[in-house]
Amino acid sequence: MITSFVIGVIIGLIGHSSRFCTMAGIRNLILLRHKEMFMALIGILVGGILGFSALSLINPTVFQNFPIFLKIKLFTKLSKILLITIGSLGLGIISTYVDGCPFRMHVRAGSGDLNSIIYLIGFYIGIVYFILFLQDIVMSIFSF
């Protein structure tokens, strides 16, 4: 728990001082042709994949009881792709309208930005609502 806290503080400080945002990385690449933030986004994705793979190799059973994986085993491959696409588009559109991605909103909320705190309250209510009420309905619609 202490290690997670320390890593969270370090990532928060880096996020606060670098003003990194995944939406800005994609936006800057498309609109301004600036590659710096996009390369940081690629670095985060590669780091996450490598970290997940390393943990899975060290202890293959470490992620078996992770709640998301227990639910996703019931999905077909096509329904997973559709759900990920729909969720990503929805999150991307909403994040564009509120001027930041969830990571950036967490950093701004930590700085005391009330709009970001309200965004995150809605963000987490939406996650809980989906898991409690919509996941089974969506799963039945998209399972072929």
Grouping I, L, V, M, F, W and Y whenever their side-chain heavy atoms are under 4.5 Å apart, do [X] and [Y] come out in a common cluster?
{"X": "I42", "Y": "I49", "answer": "no"}
{"X": "F123", "Y": "I131", "answer": "yes"}
{"X": "L50", "Y": "I10", "answer": "no"}
{"X": "V46", "Y": "F103", "answer": "yes"}
{"X": "Y124", "Y": "Y119", "answer": "yes"}

- Message: Checking N115 now: which residues fulfil side chain to side chain contact (heavy atoms under 4.5 Å, CB included) with it, not counting sequence neighbours?
- Response: D113
- Query: So among H34, M37, K35, which one has a side-chain contact (heavy atoms from CB on, under 4.5 Å) with L29?
  - Reply: K35
- On a heavy-atom basis, the closest approach of S116 and A109 is CB-N, 3.7 Å
- Indicate the atoms forming the closest heavy-atom contact of P102 with L120, along with that distance. O-CD2, 4.3 Å
- Query: Can you tell me how far the CD1 atom of I117 sits from the CD1 atom of I121, to the nearest 0.5 Å?
  - Reply: 7.0 Å
